[in-house]
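One-based numbering, in listed order, for ligands and for the atoms of each.
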Amino acid sequence: MRGWLTKSLDKQLRTLADGKQIPLLGLGVWQIPNGATTVNSVRWALELGYRHIDTAQAYGNEESVGRALKESGVPRNEVFITTKFWPGAQDPVVEAERSLRRLGVDFVDLYLIHWPQGGPTRAWGGMERAHEKGYARSIGVSNYDVRELDQVMAMATVAPVVDQVQFSPFEYRRKLLDGAEQRSVAVEAYSPLGTGRHLANETVKRLAARVGRTPAQVLLRWCVQRNLIVIPKSTHRNRIEENSRVFDFMLSAADMAELDALDDTGGTDRALEDKWW
Ligand code: A2P
């Protein structure tokens, strides 16, 4: 087998524009309630070799993420932790301090503005201060389209290095991905399984059967091959494990094209079809 096929999960990394490294696959914990369910999911992920956990102030489960991290015994410096500034609040610095307390850590690896509420640049100065204070090693945004990225970059001292966006073959935001790459912004795919609904798609199921993989693995592998960082969510140990097994096979150009054709955004440069704020 070629070298990349045998690399463990923690060695599947991408270097961000600020020089920091991020594991390509992480566990997303959106919609997992604070308490035992989050603690178990994160603990299982860490046991199974995940070294990247993605939470947010809005999820209300940072405390459980922190507890699982501590209980896992995995050294802090081996785990990449992302949280997100809830833009309904005023100050990213104050909210970062609260996140760090809840998580029980001295810094997060990545701190994102969760969505551009109040305008794309409104909170960026505070994000830079959180970075300056060492609360976040890297800073970025989420749910930003290309125009909004440009607005931040025009006024930034520290440029965003990540844009986390809903992304899958069904939401193949090709212009957004190309625009972000041109600006040295890495795109992270959230809801890569369409919060579960893409798993039942007939094309995905047929392709998965053909390549001898599961629908989830095919959708996640598509993300990896499209140069995305990907953060599937699951509360089941067997699924968390299944989702981690995406670095030991490859989709052919024809498989990728078949999945690309599922896009129903028209290859948009927009981050979202409907805003919730
Ligand atoms: P559960 O948490 O009960 O395991 P997304 O990452 O797009 O948000 O999708 C998450 C949804 O997909 C959750 O409902 C999760 O259910 C489900 N899911 C995650 N991984 C798998 C898998 N390997 N097989 C089937 N369903 C999965």
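Residues of the protein with a heavy atom under 4.0 Å from ligand 1 are Ser191, Pro192, Leu193, Gly194, Thr195, Gly196, Leu199, Ala216, Pro232, Lys233, Ser234, Thr235, His236, Arg239, Glu242, Asn243, listed by chain and number.
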Show me, pair by pair, the donor-acceptor contacts under 3.5 angstrom made by side chains of residues 257-267, not counting sequence neighbours?
{"from": "Glu258", "atom 1": "OE1", "to": "Arg210", "atom 2": "NH2", "distance (Å)": "3.1"}
{"from": "Glu258", "atom 1": "OE2", "to": "Arg206", "atom 2": "NH1", "distance (Å)": "3.4"}
{"from": "Asp260", "atom 1": "OD1", "to": "Trp222", "atom 2": "NE1", "distance (Å)": "2.8"}
{"from": "Asp260", "atom 1": "OD1", "to": "Arg226", "atom 2": "NE", "distance (Å)": "3.2"}
{"from": "Asp260", "atom 1": "OD1", "to": "Arg226", "atom 2": "NH2", "distance (Å)": "3.4"}
{"from": "Asp260", "atom 1": "OD2", "to": "Arg226", "atom 2": "NH2", "distance (Å)": "2.8"}
{"from": "Asp263", "atom 1": "OD1", "to": "Tyr172", "atom 2": "N", "distance (Å)": "3.0"}
{"from": "Asp263", "atom 1": "OD1", "to": "Thr265", "atom 2": "N", "distance (Å)": "2.9"}
{"from": "Asp263", "atom 1": "OD1", "to": "Thr265", "atom 2": "OG1", "distance (Å)": "2.8"}
{"from": "Asp263", "atom 1": "OD2", "to": "Thr265", "atom 2": "OG1", "distance (Å)": "3.4"}
{"from": "Asp263", "atom 1": "OD2", "to": "Gly266", "atom 2": "N", "distance (Å)": "3.2"}
{"from": "Asp263", "atom 1": "OD2", "to": "Gly267", "atom 2": "N", "distance (Å)": "2.8"}
{"from": "Thr265", "atom 1": "OG1", "to": "Gly267", "atom 2": "N", "distance (Å)": "3.2"}
{"from": "Thr265", "atom 1": "OG1", "to": "Thr268", "atom 2": "N", "distance (Å)": "3.3"}

Would you be so kind as to tabulate the donor-acceptor pairs closer than 3.5 Å made by side chains of residues 127-134, with sequence neighbours excluded?
{"from": "Glu128", "atom 1": "OE2", "to": "Trp124", "atom 2": "NE1", "distance (Å)": "3.1"}
{"from": "Glu128", "atom 1": "OE2", "to": "Thr157", "atom 2": "N", "distance (Å)": "2.6"}
{"from": "Glu128", "atom 1": "OE2", "to": "Val158", "atom 2": "N", "distance (Å)": "2.7"}
{"from": "His131", "atom 1": "NE2", "to": "Arg137", "atom 2": "O", "distance (Å)": "3.3"}

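When atom types are taken as modelled, the side chain of Gln225 and the backbone of Leu251 share a donor-acceptor pair closer than 3.5 angstrom. Ser252 contributes a side-chain N or O that, together with a main-chain N or O of Asp255, makes up a donor-acceptor pair within less than 3.5 Å.
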Test Asn61 against Ser64 for side chain to side chain donor-acceptor pair (under 3.5 Å), laying out the working first.
CA-CA 5 Å; Asn61 56 17; Ser64 297; over 6 Å; no
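For Lys175, there are no salt bridge (Lys or Arg N to Asp or Glu O under 4.0 Å) partners, not counting sequence neighbours.
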